[in-house]
Colleague: 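Mind looking over this structure? Questions follow.
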Amino acid sequence: MNEIIKSIETAQLKKEVPQFRVGDTVKVYAKVIEGTRERIQVFEGTVLKRQNGGVRETFTVRKNSNGIGVEKTWPLHSPIVDKVEVVRHGKVRRAKLNYLRGRVGKSAKIKELVK
């Protein structure tokens with residue numbers, strides 16, 4: 001039974017998964033369906049966390065929109081997510097950046113990772 005589930009899940013994985021980590025600033029290109037029309041909407045923000053693995057892998061992106069913090073959790077291998085583009089790499093030392101939720105302004109910034 002377990003092998004059947006694994007074979008189904010591997011068939012649903014995306015072929016090309018972008019390389020990004022927690023702390024990176026990314027642009028998520030998501031397909032939005034409005035009635036009969038379909039368009040792509042861009043959501044740009046900082047990756048707060050990545051969870052699970054395999055088909056169930058999700059990542060949370062946070063952005064500040066008109067002074068209000070907005071977070072969205074995206075399934076990585078979902079057909080709704082068209083592509084994920086890395087804008088800049090952040091220098092962080094934690095796996096989950098939940099402390100950014102209570103910060104505003106300069107204290108909410110993440111230093112850029114210079115390679």
Side-chain angles (χ1 to χ4, degrees):
M1 184 67 179
N2 198 12
E3 294 147 13
I4 297 169
I5 294 171
K6 282 186 181 179
S7 65
I8 293 170
E9 285 183 351
T10 53
Q12 305 221 346
L13 289 172
K14 283 188 178 178
K15 304 291 184 249
E16 293 182 20
V17 179
Q19 296 294 320
F20 65 94
R21 299 190 321 245
V22 173
D24 292 353
T25 302
V26 295
K27 284 185 182 178
V28 181
Y29 293 83
K31 292 178 186 172
V32 177
I33 300 168
E34 296 171 335
T36 58
R37 299 188 327 164
E38 183 177 300
R39 65 183 176 87
I40 293 183
Q41 187 174 27
V42 181
F43 189 88
E44 183 176 352
T46 306
V47 178
L48 289 186
K49 59 185 173 181
R50 282 183 78 163
Q51 290 184 309
N52 305 326
V55 176
R56 294 175 207 87
E57 186 171 359
T58 60
F59 62 100
T60 302
V61 180
R62 180 180 177 87
K63 75 173 184 176
N64 207 357
S65 178
N66 295 327
I68 299 170
V70 179
E71 287 184 22
K72 282 192 179 181
T73 302
W74 305 93
L76 186 61
H77 296 283
S78 171
I80 293 171
V81 177
D82 191 41
K83 67 177 180 176
V84 179
E85 183 181 300
V86 178
V87 177
R88 64 186 213 119
H89 296 284
K91 182 180 179 184
V92 293
R93 298 172 67 178
R94 294 179 183 225
K96 306 235 180 335
L97 304 179
N98 295 325
Y99 66 90
L100 286 179
R101 291 179 176 144
R103 297 191 179 189
V104 180
K106 286 188 177 181
S107 64
K109 282 187 179 180
I110 294 177
K111 290 184 181 178
E112 189 167 0
L113 182 66
V114 180
K115 292 183 179 182

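FYI, side chains are in, hydrogens and waters are out, and symmetry mates aren't considered; it's all heavy atoms of this structure. Since the structure is predicted, the reported quantities are computational estimates derived from the model, not experimental observations.
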Colleague: Over all heavy atoms of both residues, which pair between Arg21 and Asp24 is shortest? Give the atoms and the distance, please.
Modeller: N-OD2, 2.8 Å

Colleague: Please check if the side chain of Asp82 supplies one atom and the backbone of Ala30 the other of a donor-acceptor pair under 3.5 Å.
Modeller: no

Colleague: Rounded to the nearest 0.5 Å, how far does CZ of Arg103 lie from NZ of Lys109?
Modeller: 13.5 Å

Colleague: Is there a path of hydrophobic side-chain contacts, each under 4.5 Å between heavy atoms of I/L/V/M/F/W/Y residues, joining Trp74 to Val26?
Modeller: yes

Colleague: In this structure, which one of Gln12, Glu9, Lys14 forms a side chain to side chain contact (heavy atoms under 4.5 Å, CB included) with His77?
Modeller: Lys14

Colleague: Enter the distance from Glu3:CD to Ile5:CD1 here, rounded to the nearest 0.5 Å.
Modeller: 10.5 Å

Colleague: Within a 6.0 Å radius of atom CZ on Arg94, are there more than 12 heavy atoms belonging to other residues, nucleotides or ligands?
Modeller: no

Colleague: So, for Val28 and Val81, which heavy atoms are closest and what is the spacing to 0.1 Å?
Modeller: CG1-CG1, 4.2 Å

Colleague: Could you tell me whether the side chain of Glu57 reaches within less than 4.5 Å of the side chain of Arg50, counting heavy atoms only?
Modeller: yes

Colleague: State plainly whether one hydrophobic cluster holds both Val22 and Phe59, where clusters connect Ile, Leu, Val, Met, Phe, Trp and Tyr through side-chain heavy atoms under 4.5 angstrom apart.
Modeller: no

Colleague: Indicate the atoms forming the closest heavy-atom contact of Gly67 with Asn64, along with that distance.
Modeller: C-OD1, 3.4 Å

Colleague: Is Glu38 atom CD crowded by more than 12 heavy atoms from other residues, nucleotides or ligands, each under 6.0 Å away?
Modeller: yes

Colleague: Same cluster for Val84 and Val70 if Ile/Leu/Val/Met/Phe/Trp/Tyr side chains link at under 4.5 Å?
Modeller: yes

Colleague: Would you say CZ of Arg39 has more than 12 non-hydrogen atoms from neighbouring residues, nucleotides or ligands within 6.0 angstrom?
Modeller: yes

Colleague: Compare every heavy atom of Glu71 with every heavy atom of Thr60, then report the nearest pair and how far apart it is.
Modeller: CG2-OE1, 3.8 Å

Colleague: Check the surroundings of atom CG in Leu13: do more than 12 heavy atoms from other residues, nucleotides or ligands lie under 6.0 Å from it?
Modeller: yes

Colleague: Would you kindly confirm whether Val92 and Val86 end up in one hydrophobic cluster when ILVMFWY residues are joined by side chain heavy atoms under 4.5 Å apart?
Modeller: no

Colleague: Specify the closest pair of heavy atoms between Ile33 and Gly35, including all atoms of both residues, with the distance to one decimal.
Modeller: CG2-O, 3.7 Å

Colleague: Taking all heavy atoms of Lys96 and all of Lys49, pick out the closest pair and write down the distance.
Modeller: CD-CB, 3.6 Å

Colleague: To the nearest 0.5 angstrom, please state how far the CG atom of Leu97 sits from the CD1 atom of Ile110.
Modeller: 5.0 Å

Colleague: Decide whether Tyr29 and Val87 are clustered together by the hydrophobic rule: side chain heavy atoms of Ile, Leu, Val, Met, Phe, Trp, Tyr closer than 4.5 Å, transitively.
Modeller: no

Colleague: Atom CZ of Arg62 and atom CG of Asn98: how far apart are they, to the nearest 0.5 Å?
Modeller: 10.0 Å

Colleague: Might you work through the side-chain contact (heavy atoms from CB on, under 4.5 Å) test for Glu112 and Thr25, ending with a clear yes or no?
Modeller: CA-CA 10 Å; Glu112 189 167 0; Thr25 302; over 6 Å; no

Colleague: Could you check whether atom CZ of Arg101 has more than 12 heavy atoms from other residues, nucleotides or ligands sitting under 6.0 Å from it?
Modeller: yes

